[in-house]
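Read the structure below first, then the notes.
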Amino acid sequence: MKITPFETEHFFARYEFSTPYQLCNSDCESVTIEELLRMAGDSVEGLGHERLVYTQSQGSPELRQAIAETYANVPADRVVVLGTPVEGIYLAARALLDPGDDVIVVTPAYDALVNLFEHVVGTAHVSKWKFRADGSRWSLDLDDLRALITESTRLIVVNFPHNPTGYLPSPEWQRELAGLAAEHGLWLFCDEMYFGLVHSGTPAIPSMADVSDRAVVLSGLSKTYGLPGLRCGWLIVPERNLREDLVNWKFYTSICPPVPTEYLARAALRVGERLKQRNIDRIERNLAIAEAFFARWPELFEWRRPLAGSTALVGFDVPSVGALAERLATEEGILIQSAAMLGSDDRHMRIGLGRDGFAEALQRFEDWLRRNPAAC
Ligand SMILES: Cc1ncc(COP(=O)(O)O)c(C=O)c1O
């Protein structure tokens with residue numbers, strides 16, 4: 001059976017390893033294995049002593065405990081460690097849904113959050129809860145959500161902090177969403193891959209796992225902690241039967257987490273606050289650079305400051321961001337991404353604020369804009 005092409009991943013597969021000036025990554029700057037272990041008071045030698053055996057399918061008790069401790073009120077037995085973060089979206093879709101169920105998904109969104117649910121229940125059963133461009137910010141309207149709920153709705157899919165808009169709801173709004181799900185007997189799938197990356201001036205919110213017992217929460221080490229190469233993700237699953245169904249699906253996809261990943265993930269969580277803070281500082285620095293840039297080009301870009309996360313969704317007044325992206329990637333080694341592939345449109349781009357190379361890449365982009373006024 002075919003599935004919709006995963007456009008974002010095709011795009012990155014094509015250009016990520018051949019363009020030196022990247023402006024659209026969603027992950028944050030990474031570290032070496034050695035640096036990570038040194039930070040955590042461990043050494044590469046310790047990792048070297050690990051035996052490459054099968055591990056426990058739900059994740060080792062030590063890692064599950066370390067993950068549980070990052071929440072206010074999540075016992076370790078609710079944690080399911082995944083083979084990769086993105087796997088959690090597929091497993092949740094399979095375990096939560098039956099034929100005929102309707103799903104509501106925020107849009108724009110990371111492709112998998114739409115495509116995998118459409119694959120499992122059929123495109124006609126997935127409706128889109130659209131972000132609104134609300135003056136200088138992005139917003140999501142709970143009345144828009146209410147209007148989408150049908151007799152068959154079983155699941156609402158959200159992602160906060162949101163990729164690509166950088167939206168984060170208020171604590172009151174978050175509780176209202178949880179109340180709405182409870183009132184209608186719905187499940188929430190909450191993608192919290194960017195959890196904790198909150199910009200100064202934005203009130204932080206708790207994980208939905210600490211707010212609602214109708215929420216299956218996805219998180220991991222790729223974004224907030226800048227460790228995408230570790231491929232460490234987890235789900236918080238509040239109900240035992242659902243957890244068992246989910247692990248049964250997982251037996252078919254990855255069986256158990258890799259030994260090196262578990263070892264390094266435990267180390268990362270020992271220094272999680274430091275890793276996170278370094279990325280928050282990086283994002284704040286890049287945000288200031290981005291704001292100054294967009295202030296210089298008010299006619300060309302429509303900038304809405306993100307509240308959280310490592311990305312922003314920016315209006316770009318060109319006929320096709322996608323066509324320009326191809327040209328910039330192949331001719332200039334500069335990588336921008338059209339937001340059309342995230343369900344927005346081809347006159348928006350996603351920018352990524354978590355990398356050390358951001359300032360230089362933006363400078364290259366600006367030099368090109370100055371040299372090519374006719375192209376815009
Ligand atoms: C919102 C969101 N969820 C899930 C993922 C998947 O994370 P990973 O690539 O680490 O599997 C991503 C990656 O970009 C993402 O942006």
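Remember, it's 1-based here, ligands and their atoms both numbered in the order they're listed. Values reported hereafter were calculated over all heavy atoms of this structure, with side chains retained and with hydrogens, waters and symmetry mates removed.
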Inset, instruction - Would you check if Pro257 and Lys250 make a side-chain contact, meaning some heavy-atom pair closer than 4.5 Å? - result: yes
Inset, instruction - Could you check if a side-chain atom of Thr261 sits within less than 4.5 angstrom of a side-chain atom of Val81, using non-hydrogen atoms only? - result: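 Not touching, per the 4.5 Å side-chain cut-off.
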For ligand 1, which atoms have a heavy atom of [X] less than 4.0 angstrom away?
X: Met193; value: 3 (N), 4 (C), 7 (O)
X: Asn159; value: 1 (C)
X: Pro85; value: 7 (O), 8 (P), 10 (O), 11 (O)
X: Ser26; value: 14 (O)

Legend entry - Criterion ring-ring contact (aromatic ring centres under 6.0 Å, His included) against Phe6, the qualifying member of Phe12, Tyr90, Tyr110, Phe11: Tyr110
Inset, instruction - Can you spot which of Trp173, Tyr194, Phe189 makes a ring-ring contact (aromatic ring centres under 6.0 Å, His included) with Phe160? - result: Trp173
Legend entry - Check: Glu244/Asn248 side-chain N/O donor and acceptor closer than 3.5 Å: no
Legend entry - Donor on one side chain, acceptor on other, Glu118 and Thr4, under 3.5 Å: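 Side-chain D/A pair, Glu118 to Thr4: absent.
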Could you tell me whether some N/O pair between [X] and ligand 1 is separated by less than 3.5 angstrom?
X: Ile89; answer: no
X: Tyr194; answer: yes
X: Lys223; answer: yes

Heavy-atom nearest neighbour in the protein, as seen from [atom], with distance rounded to 0.1 Å:
atom: atom 1 (C) of ligand 1; result: Asp191 OD2, 3.3 Å
atom: atom 5 (C) of ligand 1; result: Tyr110 CE2, 3.3 Å
atom: atom 9 (O) of ligand 1; result: Arg231 NH2, 3.7 Å
atom: atom 10 (O) of ligand 1; result: Ser222 OG, 2.5 Å

Inset, instruction - Using a strict 4.0 Å threshold on nitrogen-to-oxygen distance, state whether Lys276 and Glu273 make a salt bridge. - result: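 Glu273 and Lys276: salt-bridged.
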Inset, instruction - Assess the pair Phe195 and Tyr225: is the distance between their ring centroids shorter than 6.0 Å? - result: no
Inset, instruction - Name the orientation class of the two ring planes belonging to Phe294 and Trp303 (parallel below 30°, tilted from 30 to 60°, perpendicular beyond 60°). - result: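 Parallel.
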Legend entry - Asn163 heavy atom under 4.0 Å from ligand 1: yes
Inset, instruction - Using non-hydrogen atoms of the residue, decide whether Gly233 is closer than 4.0 angstrom to ligand 1. - result: no
